[in-house]
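Working notes, structure below.
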Amino acid sequence: MAVVSLSHTIEDVDDHRHFSEMARLQQPALDLVRALQDERDVTASFIAGRRKAADTDPRQQRAAADTAAAAYRAAATEIDTTDDPQLRTVLMAITRELHGLPALRASVDTANLTQSSILANYTTTIRRLMDLGPALASYNGGSKAASRVRSLNALSQAVENTSQVRASLNSILTTRTFLVGDFPEFVGTVARQQQSVREFTTTANKDQKSLYTDTVKGAPVSTVHAIQERAAEQAQAPRIDVEPAAWHEASSRKITLMRQVEAEILGDLVTVSSEAHASRERAAVWGAVGLAAAFAATGWMVTAVVRSMTRPLGQLRISALEVANERLPEALTRLRQADVDDLGDYRATPTDVASTDEIGEVADAFDAVQTAAVALVRDQAALRAHINGMFIHLSRRNQQLVSKLLAEIGDLEQHEDDPDHLARLFRLDHLATQMLRTDESLLVLAGSDTGRVWEQPMPLAEIMLAASAEVEQYTRIDCRSTVPADIAADAVTDLVHLLAELMENATDFSGVHSRVTVTCGAASGPHKDLLVSIQDEGTGMTAEHLALVNQRLASASSLDPGAGQSMGLIVVGRLAAKHGIQVRLASLVQRGTTALVRIPPSLLATSRHNAGQVTDQQFHASVDGHTADPRPAWAPVRVSSPAVTHDDEFPHDTTRATDAAPMFSSPQEWLTQRRFARELHTGESSSPGELPSPHPDSTPGTSPTTEEHL
């Protein structure tokens, strides 16, 4: 609305500017009108006197008219008529008439036209100039200026009619008689003059009327009226008894008085129009200033209101992103990993938005959602702790029962001589051992200790034997020579469990007649780790599945929904994470999968493994079968790491060892190791007995069509 109002004000200023310019143009135009009127009136006497009287020579008036015409042209060129076709038409008409003025004067001098035609042409030019008055009235100059324009136009017409009376009577008095048709024309001209004066007095205001009355009076006016009456009375006389010079002087003085009033009204009009224009310009300037101030105030208010919303919104956004990306995940991780008893005082971190409007309500709602999420995770932690407690309780009870069952089976084995019965007891013993390992896996998943305790370091070779003794299809496991290294006592039981899970997986997901090779060596690189490789001849795994399995092994601390079908991964991953062991699966080039277990030096009881390192060339030569070791399968040898080609990285491929041998050469050896493994479980010891060869059906196998390791 302010812009519309200001645009109207600017348009009004533009109208007043045009009005003021046109008002100023009226002055040179009226000067030219007066000069042409004088020239016309003198020309009328000059033509009536047959161009002989010296006092009627129009050359002086022509020079004055030319000077006035030059002034008018200079003023008219400054008028912009681009947006006013009516004014352009008027100015073009005036220009044409002024261009024809020299030809009209030539006709006067050569008498090519009649007197009436010549005077008519002068009158036409004067009327074209007087058309500027109505054009001025079409502009908006204000009410005061409009009334002055009407008065000026009426007075200018009265002056023109008075000049025509002067010209008409000049011609009549020069001939001293009214010719045919002169008297009616004279009477009509006088009547028009009187009518135009009455129109002026009607349109003029009080001051203008007083000015006209006070100015146009005295002897000249009385003389003009007297001469006009005498000429009318002597219209039928053969000769009019009035001197032309007396009439010309009296009428010219009256016209001069009328022109004085006209000049004062025009000057007043120019002053009023200029003041109106200046006033409108000031109004436009102040309007623009006010509009700018209004815009500035509005912009400040809008900015303040917007900032009052965007600041809390931005703060809420930052807080929400910080909570969503940092605080809440950290809180959820802490809640998932912490004990439920440590979570009683934990509270969600609120957002930093302090506002009482809707944005503050959104922030409060977000805080409520965050609090609800924390409460939900706290409840889940409590539920998980409860379920873990149930697992631990049931696993402990089942451990006790299985341990008693193993003791009873062992006692029966000591006193049984029948080979068939002993073979059955052998299978029961093995199944009970697997049940016991399953209970321990449940304890690992529940976050508890497995219950196995070993108080002295153990050689890695014996740990591998103990792990293989817990595998159902132990007869399919071949062992390659290992380095002489002792594992710290606190890691013995967990490492046995970890290797047993991997060996069990390798036998379950490979062909029934295939072999599983277990190799141990020193890994290359500066860290001096031990690397245990468990290779099978199964169908292998896709790259996507292998990446998923390795990811679960690396993040075994958290249980995702897809981990339910591969809980062995979680058990292996958690046992490995507990001792800093790295476990990774890799696909072979031809067939099968390799489980790689990297044991850090921190788990070694001695540094004897340093003496077992050889060069990579020596190891690869042994792998290719060039330096086969003739010693027993469990005898310590000096070997390098199996196919490790990058420092501190698991290999992507391994090569099948050619010097591998079965873990146990007889059931008696397995039972001896089995007794040792039982001591890991129960803490008891027993002496091995002489056992016959197991029944051929004692090593059942499977032949899976797909390989889903662990």
Side-chain angles (χ1 to χ4, degrees), residues 30 33-34 36-46 48-49 53 55-56 61 115-116 119 122-123 126 130 151-179 181-204 206-265:
L30 287 179
V33 167
R34 295 167 184 171
L36 291 176
Q37 288 173 347
D38 293 340
E39 182 180 348
R40 179 191 58 188
D41 296 349
V42 173
T43 299
S45 300
F46 180 70
D55 55 352
T56 60
Q61 282 73 17
Q115 180 179 354
S116 59
L119 297 180
Y122 275 106
T123 302
I126 293 171
M130 293 180 64
S151 301
L152 178 63
N153 290 337
L155 182 57
S156 296
Q157 188 62 45
V159 173
E160 167 61 12
N161 291 333
T162 304
S163 177
Q164 291 181 7
V165 171
R166 181 181 63 176
S168 176
L169 197 54
N170 274 341
S171 177
I172 293 171
L173 293 179
T174 300
T175 59
R176 297 289 183 169
T177 184
F178 285 97
L179 300 177
D182 288 345
F183 183 74
E185 183 179 353
F186 171 73
V187 172
T189 303
V190 173
R192 288 193 298 272
Q193 186 266 341
Q194 294 175 352
Q195 179 64 29
S196 61
V197 172
R198 286 193 295 270
E199 289 179 358
F200 165 72
T201 57
T202 302
T203 57
K206 182 178 180 180
D207 294 337
Q208 293 170 345
K209 291 178 181 179
S210 300
L211 176 62
Y212 184 83
T213 303
D214 295 339
T215 302
V216 185
K217 64 178 182 178
V221 177
S222 301
T223 303
V224 167
H225 290 167
I227 292 174
Q228 288 177 357
E229 291 178 358
R230 183 182 302 176
E233 292 174 356
Q234 297 177 3
Q236 301 299 326
R239 181 181 177 85
I240 300 175
D241 187 16
V242 176
E243 290 295 330
W247 163 249
H248 182 77
E249 180 181 0
S251 60
S252 297
R253 291 179 60 186
K254 179 182 179 181
I255 291 174
T256 300
L257 295 176
M258 295 178 69
R259 288 175 177 174
Q260 291 179 2
V261 177
E262 182 183 34
E264 291 191 19
I265 294 177

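- Note that the CD atom of Gln164 and the CD1 atom of Ile126 stand 7.5 Å from one another [nearest 0.5 Å].
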Step-by-step side-chain contact (heavy atoms from CB on, under 4.5 Å) determination, Gln37 to Val159 = CA-CA 9 Å; Gln37 288 173 347; Val159 173; 3.9 Å; yes

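- His225 contributes atom NE2, which lies 3.5 Å from atom NZ of Lys254 (distance to the nearest 0.5 angstrom).
- Considering only heavy atoms from C-beta on, Gln208 stays 4.5 Å or farther from Leu155 through its side chain.
- Smallest separation of non-hydrogen atoms from Ser45 and Ser171: OG-N, 4.5 Å.
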Using the side-chain hydrogen bond (donor to acceptor under 3.5 Å, both in side chains) rule, take Asn153 and Gln157 through it: C-alpha gap first, then chi angles, then the decisive distance, then the call.
-> CA-CA 6 Å; Asn153 290 337; Gln157 188 62 45; over 6 Å; no

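- Closest approach of Leu30 and Ser156 over heavy atoms only: CD2-OG, 3.8 Å.
- Checked options Val216, Ile255, Val224; the residue passing with Thr162 is Ile255 (criterion: side chain to side chain contact (heavy atoms under 4.5 Å, CB included)).
- Looking at Thr201, its side chain does come within 3.5 Å of a backbone N or O of Arg198 through a donor-acceptor pair.
- Note that OG1 of Thr189 is 10.0 Å distant from CG of Leu169, once rounded to the nearest 0.5 Å.
- In this structure, Thr202 OG1 and Gln195 CD are separated by 8.0 Å, a value rounded to the nearest 0.5 Å.
- To the nearest 0.5 Å, atom NE2 of residue His248 and atom CG of residue Asp41 are 7.5 Å apart.
- Of all heavy-atom pairs between Tyr122 and Leu36, the closest is CD2-O, 4.3 Å.
- Partner of Ser163 under the side-chain hydrogen bond (donor to acceptor under 3.5 Å, both in side chains) criterion, out of Gln193, Arg40, Arg259: Arg40 alone.
- Annotation for Glu185: atom CD does not count as buried by contact number, only 12 or fewer foreign heavy atoms lying within 6.0 Å.
- With rounding to the nearest 0.5 angstrom, the OG atom of Ser252 is 9.0 Å from the CH2 atom of Trp247.
- Between the Asn161 side chain and the Arg192 main chain, a donor and an acceptor come within less than 3.5 Å of each other.
- Across every non-hydrogen atom of Thr203 and Ala154, the tightest pair is OG1-CB, 3.8 Å.
- Between Lys209 and Phe200, every side-chain heavy-atom pair lies at or beyond the 4.5 Å cut-off.
- Proximity of Arg176 to Pro244: side-chain heavy atoms (C-beta onward) are separated by under 4.5 Å at one or more points.
- Taking the six-membered ring for Trp and thresholds of 30 and 60 degrees, Phe178 and Phe183 have ring planes more than 60 degrees apart, a perpendicular arrangement.
- Under a 4.0 Å N-O distance rule, the pair Glu160/Arg34 does not qualify as a salt bridge.
- Taking 4.5 Å as the limit, every side-chain heavy atom of Leu173 sits out of range of all side-chain heavy atoms of Glu243.
- Using a 4.5 Å cut-off on side-chain heavy atoms (C-beta onward), Met258 and Tyr212 make contact.
- For the residue pair Ala167 and Ala44, the shortest heavy atom distance occurs at O-CB, 3.8 Å.
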